[in-house]
Structures are given as structure tokens and as C-alpha cells.
Number of protein chains: 2
Amino acid sequence: MRRTVDPTCKPEEHAGARRWPDVTGTALQRASRIFRALGDPPRLRLLVLLAKGEACVTEVAAAEREEISTISQRLRVLRSESLVSRRRQGKHILYGLADQHVADLIFNALAHASEPRPAPPPAHKEEGAIHVTPDSHR
Amino acid sequence: MRRTVDPTCKPEEHAGARRWPDVTGTALQRASRIFRALGDPPRLRLLVLLAKGEACVTEVAAAEREEISTISQRLRVLRSESLVSRRRQGKHILYGLADQHVADLIFNALAHASEPRPAPPPAHKEEGAIHVTPDSHR
DNA sequence: TGAACACTTGCACAGTTGTTCAACTATTAG
DNA sequence: CTAATAGTTGAACAACTGTGCAAGTGTTCA
């Protein structure tokens, strides 16, 4: 059975409205590509490492105990989203975070990730409220 | 050929050092899970929609022109990372952003995504500097 | 010039993820 | 009670992604 889009419930029934900048399709696409690049633990670790300062590929590989090739591939992904900077210094190629924005993003997520988890709901039925997320923050 | 971890280049050669909070393995895991959840365009769009105010599943499905089941599945992923709140109101279940942190994260990434791209470099070799992102992307 | 070092890249394979269908639970109306 | 509405969930499948290997490029140094 294919239930699609014929809402018997009208939008006016609920839905408050705050103001948000209009989000273009491309901005959204790019944002999600960035998120996706950040969404791999090894890659995120690599970025955290680079946040401490520039490093060459070999150096990173040593720190992470991974193969050079693997690190290089990871950096390729990050580079394709402009998340890292890159410059040659003699034999080495130094990588670093692209800018402060990237550092902020990572820092922000790590902060959120370190917050207390909302307890897994005991699957209880209550007076008209499921109350899953007791608004834990700010 | 398996070149692993025996750096002929010493760490002291380069690498500046800024201070960063020590990142635990679990925080990093969770952060990347959050990023991954945000890293799907439809899911991100859904969150942007919810950022404008709470909405029930049917409503969202109508707005996105998708099947209810699909929306529900997307919400499930977001819920599993505690990115959305959920409460029942009569027949409907209202979803919204979990907290300000989430809004910040999304807003931040969208801002970064809307920034001017590093200019497509003329593929020139210059004094020891390879510009940030020489390659195109998708 | 040639050898050594420092990466990068194409490819194949395995593991992961998003979507859909169908069946299920939960709430309300008759 | 039953029917209808609202939403969830499990399974299957196609599409995507990360890794490691082998072979490549580019730079330095003798």
C-alpha cells in the first residue's frame, strides 16, 4: 500500500514559525557533503590531529598507525570538500585545517557529543506526551 | 609493497602546536555519528524544515513530497542521534530540533557552505605552495 | 642521470546505507 | 466493539563508501 501525500491534517493545526535564512539547494548539498566528509571516525580523528598543527602525510600515518596510502585517501576526501589546507615544504606536503570555520564545526560537534545522553525511553504510554527529549541544553 | 610506519622525516621538522581539549574516543565516535546523520541531503533538508518549527510526520511528508514511511525512517536516524525532539499531540506526533546546539551546527555548516570557494587555481607551480584545492569536485 | 623518498591514484572487494514495500502498533471517532 | 487515521518497523535490494594493493607522479640529492 502506497500512502503518499494527501494530508488529512492541515498544516495550520500546529507548527510554530521562527525565522531562518532561506536555504538554497546548492548550499544544502554542499553542507551535507561537508557533514558526510566529517562523518567518518578515522577522518574526523585525522582532522582533530591536524587541528593541533600542520603535519605531513608520513607523520600522520605514523601517529595513526595506518598506511600512507590510506591516510592519503582520507586526505583526498577532506581536500575535495575544502576542509584542509595543503602546501609543499621541500619533500613533504603539509596538511592543516582549512580555516577556523572547520575547527569551530568540529569543536561544536564534539561539545554536543560530550553532552549527557537522553535516557533511552522506557516505552511507556503517558498522558498525551511521549517526552523523549527533555531539552537538555542551553 | 606495504610501506607503513617508519618515518624518515621527524615530527620536529614541522608541526606547530595549538591547544585543543583532549578528545576521547567515544566523543569522537559520537561526533562522527552525528555528522554522518547530518550528511544526507534529504535528512538535512528535513532538519532545516524542522528548524522553522515543529511539524508532524504527515505534514513533513507533504512538504517534501515523499512517502510517510521514508520520512519516518529519516526521522528514526535523526532520533537515534538525539538530533530531534518528539512529542505526541492527539493523533499527531510532533517533531522538532532537539536543541539550540543542533541548530547552531546546521547553521554553521550552511554558512561555511555558502562561502566563496577557493578560486580554481591556474595549475601553476609556485614557490613551495600548492593552493588549497587544485581539483574540481563532482 | 638515477636512486631514494614522499606522496597520489585506479581498482577491486567488502561492508554500509537509503529507499521501498508490507505488515505492524497506537490513538481517536463512530 | 470496528473502522479510520497516524506513524513505526523489518527485510530486501541497489547504490555508495572505505580500505589496501600495486603502480604511478613529483621532488631532492649524490
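Here is how names work: the chains are called A, B, and so on, in the same order as the sequence lines, proteins then strands, and each is numbered from 1.
Listed for the B:Asn108 side chain is no donor-acceptor partner under 3.5 Å among the backbone atoms of B:Ala111. With A:Arg43 contributing its side chain and A:Arg36 its backbone, the two residues share a donor-acceptor pair below 3.5 Å.
Residue whose closest nucleotide on DNA chain D sits further toward the 5' end, between A:Arg74 and A:Gly90: A:Arg74.
Side-chain atoms of B:Pro42 lie closest to C:dT19 of the nucleotides C:dT19, D:dT8, D:dT19. Proximity note for B:Arg36 (side chain, C-beta onward) versus C:dT17, C:dC7, D:dG20: the nearest is C:dT17. Distances from the side chain of B:Thr70 to the nucleotides C:dT19, D:dT19, C:dA6 place C:dT19 closest. Across C:dG18, C:dT20, C:dA26, the shortest atom-to-atom separation from the side chain of B:Arg43 is found for C:dG18. Checked against C:dC7, D:dT8, C:dT28, the side chain of B:Ile68 finds its nearest nucleotide in D:dT8.
At whole-Å resolution of the value, CD1 in A:Ile93 and C1' in C:dT8 are 8 Å apart. Taking atom CD of B:Gln89 as the reference point, atom C1' of C:dT27 lies 13 Å away to the nearest angstrom. The separation between A:Asp40 atom CG and D:dG18 atom P is 5 Å, rounded to whole Å. As rounded to whole Å, 7 Å separates atom P of D:dT19 from atom CD of A:Glu66. At whole-Å resolution of the value, NE2 in A:His92 and P in D:dT28 are 11 Å apart. Spacing between atom CD of B:Glu64 and atom P of C:dT20 amounts to 13 Å, rounded to whole angstrom units. Put simply, CD on A:Glu67 is 17 Å from P on C:dT9, counting in whole angstrom units. Atom CZ of B:Arg65 is separated from atom P of C:dT20 by 15 Å (rounded to the nearest Å).
No continuous path of hydrophobic side-chain contacts links B:Ile106 to B:Val77 [ILVMFWY only; heavy atoms under 4.5 Å]. A:Leu38 and A:Leu49 sit in two unconnected hydrophobic clusters of ILVMFWY residues. Membership requires side-chain heavy atoms under 4.5 Å apart, directly or through other members.
Look at B:Tyr95 and you won't find any side-chain N or O under 4.0 angstrom from OP1 or OP2 of D:dA6.
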Output, in order, the C-alpha distance, side-chain angles, deciding distance and verdict of side chain to side chain contact (heavy atoms under 4.5 Å, CB included) for A:Glu54 and A:Arg87.
-> CA-CA 10 Å; A:Glu54 288 185 310; A:Arg87 67 194 177 90; 2.7 Å; yes
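Side chains of A:Leu75 and A:Val60 form no contact here, defined as non-hydrogen atoms less than 4.5 Å apart.
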Between protein and nucleic acid, restricted to nucleotides 9-12 of chain D and to nitrogen or oxygen atoms under 3.5 Å apart, what atom pairs and distances do you find?
from	atom 1	to	atom 2	distance (Å)
D:dT9	O4	B:Ser69	OG	3.1
D:dG10	O6	B:Gln73	NE2	2.9

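For B:Tyr95, there are no ring pair (Phe, Tyr, Trp, His ring centres under 6.0 Å) partners at least two apart in sequence or on another chain.
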